[in-house]
> 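Sending over a structure as structure tokens; questions will come in a sec.
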Amino acid sequence: MNERRKPYPFDRIEPKWQTLWDERRAFHALNPGEENFDPAKPKYYVLDMFPYPSGAGLHVGHPEGYTATDIIARYKRLRGFNVLHPMGWDAFGLPAEQYAIKTGQHPVITTRENVAKFKTQLKRIGFSYDWEREVNTTDPNYYKWTQWIFLQIYNSWVNPETKKAEPISTYRGNDPDNVRLAYVAEVPVNWCQELGTVLANEEVIDGKSEVGGFPVVRRPMRQWMLRITAFADRLLDELKGLDWPDSIKALQRNWIGRSKGAEIDFPIDRGMGFQPMSHRQDADATIRVFTTRPDTLYGATYMVLAPENPLVDQITTEEHRGSISQYRTTIAAKSDLERTDLAKEKTGAFTGAFAINPANHERIPIWIADYVLMGYGTGAIMGVPAHDERDLEFARKFDLQIIPVVQAPGKTPEESIGYLEVGIAINSPLLNGLSHVEATTKIIDWLEQNGHGRRDIRYKLRDWLFSRQRYWGEPFPVIWRNGKHEALAESELPLEPPALEDFKPTGTGEPPLAKAKDWIRYSEDAVRETNTMPQWAGSCWYYLRFCDPQNDRRFVGEEPERYWMGDSIADRPGGVDLYIGGVEHAVLHLLYARFWHKVLFDFGYLSKPEPFQRLVNQGMILGEDGRKMSKRWGNVIDPLDVIEIYGADAFRCYEMFMGPLEQMKPWSMKGVEGVSRFLARVWRLIMEENQAGEWILSGEVEEVVPDKSPLKILHATIKKVTGDIETLSFNTAISQMMILVNALTNAPKKSVPAFRTLLLLLNPFAPHLTSELWQTLAEKFPGGADDIMAQRWPEYDETLLVEDEIEIVLQVNGKLRDKITVALDATNAETEAAALANKKVQNAVGGQAIRKVVVVPKKLVNVVTG
RNA sequence: GCCGAUGUGGCGAAAUGGCAGACGCAACGGACUUAAAAUCCGUUUCCGGUAACCCGGAGUAUGGGUUCGAAUCCCAUCAUCGGCACCA
């Protein structure tokens with residue numbers, strides 16, 4: 001019947017302070033121009049990846065990154081920064097829509113409920129978000145600007161000379177729709193019958209949908225695309241100036257996949273042998289390939305087209321039509337999964353046609369095979385079996401000629417077959433004896449001079465498939481008239497989706513919005529676009545909206561943008577100072593957001609070319625059983641359950657004490673208990689229980705300077721905690737504070753100044769406890785103001801950290817033998833003499849001759865013998 | 001296959017060229033208590049020795065190397081996790 005006794009009254013303190021903070025608008029960040037705004041303060045923008053508010057609520061994994069950013073935010077405020085620390089909701093998306101399909105509950109309702117639940121949880125953890133800046137991607141006042149940004153993208157193109165986005169009006173060609181950054185294309189898409197929608201490549205995993213795991217097939221459909229490939233170079237090159245983990249940069253580089261090489265044209269042989277360009281009857285009859293190894297051109301003994309390549313129909317000879325068509329049918333029937341199965345044998349079919357190798361005028365056969373992909377390069381390759389693993393396998397299987405053209409070091413030409421690295425050119429009249437670099441330059445120059453090819457760069461990155469056949473997303477601000485698309489005027493935004501009762505997919509690939517007949521009909525001769533935008537759209541720019549969330553004239557005001565997203569450190573390209581989130585967004589969200597940012601930057605709306613200067617990925621928190629937290633294993637932990645027993649401060653501290661932020665680590669309730677004991681020790685350091693069982697300020701607390709030893713630990717702790725917060729090493733910061741608290745507990749004096757410093761250091765981690773204790777101390781000892789948040793972060797005194805005596809480690813041959821203490825000012829010679837006089841050292845040396853003595857001042861002596 | 005990360009006590013971890021295992025958990029012992037909880041104090045890498053203060057040896061995935069000295073730097077191997085994957 002009696003509740004379990006709390007180690008300290010967090011259940012009273014925490015709600016008290018949370019209410020006070022709300023009432024005082026304690027975390028509201030002021031924009032330039034607002035009353036009380038202090039322009040002398042530097043800004044700090046610390047951002048979390050905002051969540052999708054699911055029905056399940058938060059589990060303990062979510063607040064890991066949020067706690068880290070909250071500590072930084074509170075720390076920076078104490079250091080005198082004007083801190084922007086906002087939170088919002090990425091609330092468009094499939095789960096709410098599927099819930100609507102099942103229950104008929106409108107996603108607006110579900111979203112509102114889920115957001116309320118998430119917000120309650122976040123508030124109960126005591127995060128210092130500026131809730132007056134809350135944004136929600138499904139709010140018309142927000143997506144009005146998502147649609148507006150889409151229109152900017154739609155109305156722009158990349159000028160190849162400046163490589164920058166410009167208004168489409170500067171384009172001088174005759175078909176602007178061909179160069180717009182948003183365009184419509186008939187593309188093979190990932191169609192998921194079960195979800196009734198297409199998916200982006202990134203949302204398909206092993207031939208199945210990322211959401212739900214349903215089968216996905218290829219199917220051509222008319223889709224909106226965003227021309228992200230026009231920014232491939234900048235997205236790659238501008239990673240350099242960002243403080244991101246190298247692994248994330250590597251993932252993005254890999255995803256963009258830039259390859260330097262050459263385009264080469266192979267004339268199709270019409271039985272007349274090789275003809276110089278000018279004499280050719282049919283100048284179009286060439287096969288263009290892309291290769292990263294033009295230096296191996298003399299080794300190209302055959303060509304392969306992708307089975308889907310339209311050229312196949314033109315070149316296939318009468319005799320081979322049957323077998324070619326049969327092969328293409330088998331390939332078309334295969335799923336993506338089967339096609340990309342690496343283990344399988346090479347397959348292919350001969351077209352009967354031949355091409356001419358422009359280098360040596362050899363007549364080489366043209367095949368089709370599914371190991372050549374239509375979607376990369378030109379959908380055709382030159383086969384160089386001697387120096388390409390796949391080509392070699394293919395040539396051996398179909399008995400095609402193999403000519404080595406690069407010599408492996410120390411090997412004969414014959415042995416160099418299968419050598420994939422670079423080397424000296426052989427069997428290549430124009431290139432013999434040249435190194436890879438020389439040969440590559442020479443052959444490309446030759447190709448360019450003779451009109452057979454040119455330098456070229458290709459990317460793995462594809463344009464972004466931007467439309468979805470869904471209800472719960474931003475409608476496109478676009479109408480169709482006479483088969484052509486037109487942008488809506490800005491004045492017509494926001495374009496809200498129609499009210500629908502039936503959210504089910506139509507099943508035909510036509511979006512659910514097509515069911516709203518009245519809504520679609522825009523005018524006598526125009527209809528609305530019925531696709532919606534993908535969930536990534538809203539998250540591409542939310543960090544900008546946080547700077548100025550209520551602005552109804554612009555997506556973000558100029559001045560707030562310049563203040564929060566710019567800064568005085570000129571050579572930093574990014575705006576947000578610290579961005580923490582899951583590694584699962586390493587390529588998609590982070591690449592898309594960078595892309596939008598660059599478009600808006602080119603148009604002069606933004607101060608910096610990159611959105612996020614410093615990025616950190618928090619590691620996943622596993623269940624107590626070491627498995628990923630999921631309903632399936634029944635190992636999900638709700639933060640509110642933990643807070644109920646141990647309090648929010650203990651929850652926060654434990655999340656940070658578990659281990660390094662970036663690392664994956666398992667949850668442990670016992671661990672929370674340990675951290676909770678630490679906080680209770682802090683409490684009892686300052687408070688005691690009176691006869692009536694009430695907590696009152698301890699009578700021993702006095703306004704005195706601490707003794708030397710605790711004072712030294714105190715200053716060592718200021719130094720360590722400050723440094724650790726800057727590097728996000730929160731686990732070791734907490735360890736150090738535990739050491740301090742142990743020392744203060746054992747110290748004879750209960751020193752108010754020491755306690756104040758401790759409370760300040762601990763405040764970002766355990767804000768409720770430290771606020772309460774600070775206030776209690778202030779009531780009796782009026783030295784400090786009664787609000788801990790109005791204080792300055794403590795500084796340490798280096799002179800207090802110096803030792804007067806130093807412990808020196810004695811080693812013999814690198815092995816520890818003893819420790820001695822020497823005076824601070826002992827010379828190397830004195831230290832060495834003391835070491836050699838040491839009995840244990842002498843024992844270990846035995847009778848052996850001393851060859852060398854290494855003295856590291858203030859650290860150790862190593863005696864090397866024999 | 002390619003790219004990246006990780007590998008240290010019973011467990012989470014610390015130490016990034018100089019005392020391996022800070023801090024915490026768990027376990028064990030002690031104090032307080034009629035008792036328990038809570039709290040406080042102590043022990044706790046492994047092996048061997050000693051009545052004992054202690055003494056000796058080994059030890060950071062494995063094998064080599066650099067160095068007076070390596071968990072830390074280099075080379076190779078193995079394992080686990082993540083990403084990409086017939087990208088020409």
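All figures in this text were calculated on a predicted structure; none of them were measured in a lab. Below, read A as the first sequence line, B as the second, and so on, with proteins coming before strands; counting in each chain starts at 1.
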> On RNA chain B, compare the nucleotides closest to A:D388 and A:Q663; which residue's is nearer the 5' end?
A:Q663
> Counting the atoms with a prime plus P, OP1 and OP2 as sugar-phosphate, which does A:I739 contact under 4.0 Å by heavy atoms, base, sugar-phosphate, or nothing?
sugar-phosphate
> Rounded to the Å, how far apart are A:Y646 OH and B:rA38 P?
11 Å
> Say we look at B:rU60 and B:rG42: how far apart would their C1' atoms be, to the nearest angstrom?
28 Å
> Report the residue (A:K852 or A:G671) whose heavy-atom-nearest nucleotide on RNA chain B is the more 5′ of the two.
A:G671
> B:rG63 pairs with which nucleotide, Watson-Crick or G-U wobble, both distances below 3.5 Å?
B:rC75
> Contact class for A:P245 (heavy atom, under 4.0 Å): base, sugar-phosphate, or nothing?
nothing
> Write down the partner of B:rC28 under the Watson-Crick or G-U wobble criteria, each distance required to be under 3.5 Å.
B:rG42
> For B:rC23, which nucleotide in any strand shown is its Watson-Crick or wobble partner with both distances under 3.5 Å?
B:rG12
> Within the structure shown, what part of the strands sits under 4.0 Å from A:D246 by heavy-atom distance: base, sugar-phosphate, or nothing?
nothing
> When the C1' atoms of B:rA14 and B:rA22 are compared, how many Å lie between them, rounded to an integer?
5 Å
> Please work out which of the three classes, parallel, tilted or perpendicular, describes the rings of A:F765 and A:F730, given edges at 30° and 60°.
perpendicular
> Parallel, tilted or perpendicular: which fits the ring planes of A:H589 and A:H585, with parallel below 30° and perpendicular above 60°?
perpendicular
> What's the closest nucleotide to the side chain of A:P666 if the choices are B:rG12, B:rG18, B:rA22?
B:rG12
> Considering every strand shown, what is the Watson-Crick or G-U wobble mate of B:rU34 when both distances are under 3.5 Å?
none
> OP1 or OP2 of B:rA88 versus the side-chain N and O atoms of A:S259: is any pair under 4.0 Å?
yes
> Taking the C1' atom in each of B:rC2 and B:rU72, what is the distance between them to the nearest angstrom?
28 Å
> Please report, rounded to the nearest Å, how far the C1' atom of B:rU6 is from the CG atom of A:L622.
14 Å
> Base, sugar-phosphate alone, or nothing: which one does A:N731 contact when heavy atoms must sit under 4.0 Å apart?
sugar-phosphate
> Which is true for A:R817 with a 4.0 Å heavy-atom rule: it touches a base, it touches only sugar-phosphate, or it touches nothing?
sugar-phosphate
> Using atom C1' of each nucleotide, how far apart are B:rG10 and B:rU44 to the nearest Å?
11 Å
> Find the distance A:M620:CE to B:rG83:C1' and express it as a whole number of Å.
13 Å
> Does A:R677 pair with A:E673 as a salt bridge, N-O distance under 4.0 Å?
yes
> Rounding to a whole Å, what distance do you find between A:D370:CG and B:rC86:P?
11 Å
> Name the nucleic acid region contacted by A:V864, choosing base, sugar-phosphate or nothing; use a 4.0 angstrom heavy-atom cut-off, strictly under.
sugar-phosphate
> When both hydrogen-bonding distances must be under 3.5 Å and the geometry is Watson-Crick or G-U wobble, what is B:rC2 paired with, if anything?
B:rG83
> Give a yes/no on whether any side-chain N or O of A:N617 is located under 4.0 angstrom from OP1 or OP2 of B:rA5.
no
> Could you work out the separation of B:rC78 and B:rG64 based on their C1' atoms and round it to a whole Å?
15 Å
> Between B:rA37 atom C1' and A:R677 atom CZ, what is the distance in whole Å?
12 Å
> Just label B:rG9 as syn or anti from its O4'-C1'-N9-C4 or O4'-C1'-N1-C2 angle, using within 90° of 0 for syn.
syn
> Any side-chain N or O of A:R253 below 4.0 angstrom from OP1/OP2 of B:rG83?
no
> Considering just the side-chain nitrogens and oxygens of A:N746, establish if one lies under 4.0 Å of OP1 or OP2 belonging to B:rC41.
yes
> Given the structure, check if the side chain of A:E807 and the base of B:rC19 hold any donor-acceptor pair shorter than 3.5 Å.
yes
> Suppose you measure atom P in B:rA37 against the same atom in B:rA26; what distance do you get, rounded to whole Å?
13 Å
> Taking donor-acceptor contacts at under 3.5 Å, does the side chain of A:K819 reach the base of B:rC19?
yes
> Find out whether the Lys NZ or Arg CZ of A:K346 is both under 6.0 angstrom from the six-membered ring centre of A:Y371 and within 45° of the ring's axis.
yes
> Quick one: does A:D456's side chain have a donor or acceptor within less than 3.5 Å of a partner on A:E263's backbone?
no
> Does the base of B:rC86 carry an N or O that pairs as donor and acceptor with the side chain of A:K346 under 3.5 Å?
yes
> Hey, does A:R458 reach any base, or is it just sugar-phosphate, or nothing, if we go heavy atoms under 4.0 Å?
nothing
> Just N and O in the side chain of A:R681: are any of them under 4.0 Å from OP1 or OP2 of B:rU39?
no
> Rounded to whole Å, please give me the gap between NZ in A:K665 and P in B:rC25.
19 Å
> Is A:R454 paired with A:D265 through a side-chain N to carboxylate O contact shorter than 4.0 Å?
yes
> Please confirm whether any donor atom in the side chain of A:S247 sits under 3.5 Å from an acceptor in the base of B:rA5, or the reverse.
no
> Give me the ring orientation class for A:W464 and A:Y592: parallel if the planes are under 30° apart, tilted from 30 to 60°, perpendicular past 60°.
parallel
> Could you tell me whether A:S668 contacts a base, only the sugar-phosphate backbone, or nothing, with contacts defined as non-hydrogen atoms closer than 4.0 Å?
nothing
> Can you check the distance between B:rU33 and B:rU43, where both ends of the measurement are the P atom (answer in whole Å)?
24 Å
> Check residues 719-727 of chain A and write down every donor-acceptor pair under 3.5 Å in which the side-chain atom is one partner and the other belongs to a residue at least two apart or another chain.
from: A:K720; atom 1: NZ; to: A:D724; atom 2: OD2; distance (Å): 3.2
from: A:T722; atom 1: OG1; to: A:I718; atom 2: O; distance (Å): 2.5
from: A:T722; atom 1: OG1; to: A:W793; atom 2: NE1; distance (Å): 3.0
from: A:D724; atom 1: OD2; to: A:T732; atom 2: OG1; distance (Å): 2.8
from: A:D724; atom 1: OD2; to: A:A733; atom 2: N; distance (Å): 3.2
from: A:E726; atom 1: OE2; to: A:Y75; atom 2: OH; distance (Å): 2.8
from: A:T727; atom 1: OG1; to: A:G723; atom 2: O; distance (Å): 3.4
from: A:T727; atom 1: OG1; to: A:D724; atom 2: O; distance (Å): 3.3
from: A:T727; atom 1: OG1; to: A:S729; atom 2: OG; distance (Å): 2.9

> Of the candidate nucleotides B:rG24, B:rG83, B:rG18, which contains the atom at the shortest distance from the side chain of A:L251?
B:rG83
> Where the side chain of A:K670 is concerned, which of B:rG18, B:rC25, B:rA88 is the nearest nucleotide?
B:rC25
> In whole angstrom, give the distance that lies between atom OH of A:Y8 and atom C1' of B:rU39.
17 Å
> Under the 3.5 angstrom rule, does the side chain of A:Y654 hit a backbone N or O of A:S668 as a donor-acceptor pair?
yes
> To the nearest angstrom, how far is A:E662 atom CD from B:rG12 atom C1'?
16 Å
> Which nucleotide in the set B:rA88, B:rC55, B:rG18 lies at the smallest distance from any side-chain heavy atom of A:K840?
B:rC55
> A:M664 side chain: which of B:rC81, B:rG24, B:rA13 is closest?
B:rC81
> Using 0.5 Å steps for rounding, measure from the CD atom of A:E655 to the NZ atom of A:K665.
8.5 Å
> Just checking A:R684: base, sugar-phosphate only, or nothing, at a heavy-atom cut-off of under 4.0 Å?
sugar-phosphate
> What is the base-pairing partner of B:rG56, counting Watson-Crick and G-U wobble geometry with both distances under 3.5 Å?
B:rC47
> For B:rC46 versus B:rU8, give the span between their C1' atoms, rounded off to a whole number of Å.
14 Å
